[in-house]
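So the structure is just underneath, and the comments pick up after that.
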Amino acid sequence: MTENKNKKPSLTDWQQLATKELRGKPLSDLDRATYEDITTKPLYTSQDLEGIEHHQSLPGFEPFLRGPRATMYAGRPWTIRQYAGFSTAKDSNAFYKKNLAAGQQGLSVAFDLATHRGYDSDHPRVIGDIGAAGVAIDSVEDMKILFKDIPLDKVSVSMTMNGAVLPVMAGFIVAAQESGVAIEQLNGTLQNDILKEFMVRNTYIFPPAPSIRIVSDIIGFTAQNMPKFNPISISGYHMQEAGATAVQELAFTIADGLEYVRTAIDRGMQVDDFAPRLSFFFGIGMDFFMEIAKLRAARLLWSQLMEEKFSPKDPRSKMLRTHCQTSGVSLTASDPYNNIMRTTIEAMASVLGGTQSLHTNAFDEALALPSEFSAHIARNTQIVLQEETGITRVVDPLGGSYYVEALTNEIATKARALILEVEELGGMTKAVQEDMPKRRIEEAAALRQARIDRGEEVIVGVNKYLHDDGNEIDVLSVDNAQVREAQIERLTQIKNTRDNKACQKALNALKTGAENDANLLELSIEATRARASVGEITATLEQVFGRYKAINSTISGVYGSVYEGDEEFEKIKVEIDRFAVETGRRPRMLIVKMGQDGHDRGARVIATAYADLGFDIDIGPLFQTPAEAVRQAIENDVHMIGISSLAAGHKMLVPALMDELKQQEASDILVICGGVIPPKDHQQLLDIGVAAIYGPGTNIPKAAREMIQMIKQNATT
């Protein structure tokens, strides 16, 4: 009896007990498959760590699995950042100063889409974009207002900028210098990750080759002149937002990093001269342990691959440091206060994974740009984690967890295999040109959306536990027209008061430098100092490099595969087939993205889903004007235009499209809107003739059935 009582339970004993608790059901019923093609088990033991050695490492030492610093948060907590830009430089400056006083530790600047795409505020293509999704910057004078009375020698500044990275970075440097801060004192991070723009976010300007050169020029300039500044933040965040799995986000981000290192070395730099200042940026979603494992695996892979491919002498060249941001795509428009809990959970995953800085999204961002109220809650989420939870007391508190260590190893193994695929294609630039990463991410996004629509993945308040208390969230509203008018007035004043000969001389030098092999950031700084605008610097480079236009391609069959055998889905397809027989053609829809908003996950998921249902789908090119969209709709003889809006451009762009339809005598074409459109704006759009508005979380098959009825009704009136 004593021997049995003291016997240590074995794994077999656990399996027998667990099977008994399941009352005869197979134990395998508790296994769960993830989007990463990783099957998680209900129990992990020391046996799952056999053959895995790296989990026994220590923080601060290679391969940095447990953190890039020995003491991590016990020595210094992560930096609290909030990504924000409030229309004008003046409003943003006031917001930054208020947040710094309230405990924020670094600035993270959100620019408007016109700035991202290198257009000045007076350009006709950006009428609906000025100040709508961030701060408008046309010149160094705007930059000086943006950072007025903020000590740039003490405050770290992160700038999310990729396409117009040269004039924006130049503006930051000149603004600092003219406020008395030396260039070598500047501390912060420039995103400067153009490869992921070609994959998912689409705020590119120039073709891939010259864009990569620009990245390299900035890395070279900062290595020589800005020892405290991170010249690039290699970003997976936007991949996750576009639908990438954790494995895809990790693999493609690391592959991007390898490509940038390779490019810098090819241009004559030594790896240890710049690699220690490279940084990364990951998105953090709701799969709690997967996200923790992803960050740990990222440090492991970067250390291993840098050693294998470039043999740096400085250990810091193999040290992955990262910023994280909680997920935007996990936020829901319905029952939006649930988003506060989602962001808190994601923030905890970021911290337990070992991030160096963090931005927490505001709960109302599925409805509009964040308000001061919601941004306050988001920031305080981090402060509470730092000050009240005790998380900062221990380095890598989940280190040694059987589950976390096994999951870290599995995600690293799968990501390494995908990185090898990219390398075999010739590196990430070649892979991007072949559309491989974009296609894989789109397939993952469509698959996940189908599972959500079927209820296989629960989203509380969207497809389960629905609740609507009728309270409308008070969201931020931007007077786009007023912001544009003020920007144009200041821009005109600058052009009228500057030395135009000196400005043109600097722009000519920039053009010559682009035609040759000069450092383009250095020349952009001189042009900016001469008061050249963002748009003028971009246009000068465009004369040499051209402006890139993506080739439209779509996927099919992925969304529909999840619904194979589904009775309701088949009924909708039959209804569409009947419509085709009765009218002589299938329901046809043009999906458009107007303005400079390049976030096209929603548009592309809708395109593949409706095509799988039986619609004829046309997709307009990115960055269309309302007139261009209407022209394409008429030429393609569509029943309906579907407008995808995520960046607050709907107020000006949708009315402009409706007016254009009237002018072209094409008002019989139905218009629907989807995306991030505040509920208080719905009636305004319905009043001008929009047929329906579908927000985030809309069930696609249900909406498709409604749209068929709209088309039928429209045909009989």
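Start at 1 with the first residue, then count along the sequence.
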Is the backbone of L301 close enough, under 3.5 Å, to the side chain of R416 for a donor and an acceptor to pair up by distance? no

Mind running side chain to side chain donor-acceptor pair (under 3.5 Å) on K196 and Q191 for me, showing each step along the way? CA-CA 11 Å; K196 69 98 170 51; Q191 190 161 104; 2.8 Å; yes

Is the backbone of V181 close enough, under 3.5 Å, to the side chain of D153 for a donor and an acceptor to pair up by distance? no

In the structure I gave you, are the side-chain heavy atoms of E522 and Q224 within less than 4.5 Å of one another anywhere? no

Heavy-atom check, side chain of Q325 versus side chain of F282, under 4.5 Å: no

H323 versus S357, side-chain donor and acceptor atoms under 3.5 Å: yes

Please confirm whether the backbone N or O of A518 pairs with a side-chain atom of N516, one donor and one acceptor, at under 3.5 Å? no

Would you check if there is a donor-acceptor pair between the side chains of E259 and T429 at a distance under 3.5 Å? yes

Interatomic spacing from NZ in K430 to CD in Q433 - rounded to 0.5 Å: 7.0 Å

Donor on one side chain, acceptor on other, Q240 and E291, under 3.5 Å: yes

Taking C-beta and beyond as the side chain, do F147 and V157 meet within less than 4.5 Å on heavy atoms? yes

Give a yes or no answer on whether the side chain of D272 reaches the backbone of P312 with a donor-acceptor pair at less than 3.5 Å. no

Between E421 and R440, is a salt bridge (charged side-chain N to carboxylate O under 4.0 Å, His left out) present by the stated rule, with each step listed? CA-CA 12 Å; E421 277 191 62; R440 296 280 183 91; 2.7 Å; yes

Taking only Lys NZ, Arg NE, NH1 and NH2, and the carboxylate oxygens of Asp or Glu, determine whether D266 and R262 approach each other closer than 4.0 Å. no

Using a cut-off of 6.0 Å, state whether more than 12 heavy atoms not belonging to Q270 lie near its atom CD. no

Checking side-chain polar atoms at under 3.5 Å, does T115 have a donor or acceptor matched by the opposite partner on D112? yes

Can you find a side-chain donor-acceptor pair between E346 and S330 that sits under 3.5 Å? yes

Is it true that Q356 and R321 share a donor-acceptor pair across their side chains at a distance under 3.5 Å? no

Does R604 come within less than 4.0 Å of D600, counting only side-chain N to carboxylate O? yes

N162 (side chain) donor-acceptor with N192 (main chain) under 3.5 angstrom: yes

Just checking F198 against Y204, ring centres under 6.0 Å apart? yes

Given T355, I292, L295, T360, the one that forms side chain to side chain contact (heavy atoms under 4.5 Å, CB included) with I284: L295

Any side-chain heavy-atom pair from M159 and T189 closer than 4.5 angstrom? no

Would you mind listing every ring-ring contact (aromatic ring centres under 6.0 Å, His included) that reaches into residues 393-422, with sequence neighbours excluded? Y44-Y403, F289-Y403

I would like to know whether R81 and S156 meet side chain to side chain donor-acceptor pair (under 3.5 Å); could you show each step before the answer? CA-CA 9 Å; R81 295 188 185 277; S156 170; 2.5 Å; yes

Using the salt bridge (charged side-chain N to carboxylate O under 4.0 Å, His left out) criterion, which residues pair with E515? Sequence neighbours excluded. none

If you draw a 6.0 Å radius around CD in E308, do more than 12 non-hydrogen atoms from other residues or ligands fall strictly inside? yes

Within the structure provided, determine whether V261 and F274 are in side-chain contact (heavy-atom separation under 4.5 Å). yes

I need the F252 CZ to T245 OG1 distance, nearest 0.5 Å. 8.0 Å

Which pair of heavy atoms, one from A176 and one from L152, lies closest together, and at what distance? CB-CD1, 3.8 Å

Indicate yes or no for a side-chain donor-acceptor contact from N202 to the backbone of G598 under 3.5 Å, with no hydrogens or angles considered. yes

What's the separation between atom CG in L49 and atom OG in S401, rounded to the nearest 0.5 Å? 8.5 Å

Verify the ring-centre separation between W302 and F280: is it less than 6.0 angstrom? yes

Does any N or O in the side chain of R547 come within less than 3.5 Å of the main-chain N or O of I205, such that one atom is a donor and the other an acceptor? no

So, the side chain of R379 versus the backbone of N99: is there a donor-acceptor pair under 3.5 Å, distance only? no

Counting only N and O atoms by type, is there a donor-acceptor contact under 3.5 Å from the side chain of S211 to the main-chain atoms of F206? yes

Salt bridge present between R601 and E442 (N-O < 4.0 angstrom): no

CG-CD1 distance between D256 and I194, expressed to the nearest 0.5 angstrom: 11.0 Å

Under 4.0 Å between a Lys/Arg side-chain N and an Asp/Glu carboxylate O for R448 and E443? no

Which value, rounded to the nearest 0.5 Å, describes the distance between F545 atom CZ and I214 atom CD1? 5.5 Å

Report the C-alpha separation of K144 and E178 in whole Å, then their side-chain angles, then the decisive distance to 0.1 Å, and conclude whether the salt bridge (charged side-chain N to carboxylate O under 4.0 Å, His left out) test is met. CA-CA 8 Å; K144 290 171 74 172; E178 293 186 359; 3.0 Å; yes

Step through the shown structure and confirm whether more than 12 heavy atoms of other residues, nucleotides or ligands are within 6.0 Å of CD on E542. yes

Evaluate the criterion side chain to side chain donor-acceptor pair (under 3.5 Å) for residue pair T34 and E36; output intermediate values, then yes/no. CA-CA 5 Å; T34 70; E36 291 74 21; 3.0 Å; yes

Are L358 and T79 packed together at the side-chain level, in the sense that at least one heavy-atom pair is separated by less than 4.5 angstrom? no

Between E249 and K294, is there a side-chain N and carboxylate O pair less than 4.0 Å apart? yes

M348 CE: over 12 foreign heavy atoms closer than 6.0 Å: no

Are any of the side-chain heavy atoms of T322 and S279 separated by less than 4.5 Å? no

To the nearest 0.5 Å, atom CZ of R277 lies from atom OG of S317 at 11.5 Å

Between K228 and Q185, does any side-chain donor sit less than 3.5 Å from a side-chain acceptor? no

Audit row: R267, D217, salt bridge (charged side-chain N to carboxylate O under 4.0 Å, His left out) steps and yes/no: CA-CA 9 Å; R267 286 180 63 81; D217 281 357; 2.8 Å; yes

What do you reckon, is NZ of K549 surrounded by more than 12 foreign heavy atoms closer than 6.0 Å? no

Yes or no on side chain to side chain donor-acceptor pair (under 3.5 Å) for D287 and Y35, after CA distance, side-chain angles and deciding distance? CA-CA 10 Å; D287 194 337; Y35 289 110; over 6 Å; no

Exactly one of Q304, R299, K318 should register a side chain to side chain donor-acceptor pair (under 3.5 Å) with E62. Which one does? K318

Sequence neighbours excluded, the answer for side chain to side chain donor-acceptor pair (under 3.5 Å) partners of T408 is R296

Donor-acceptor contact below 3.5 Å, side chain N409 vs main chain E405: no

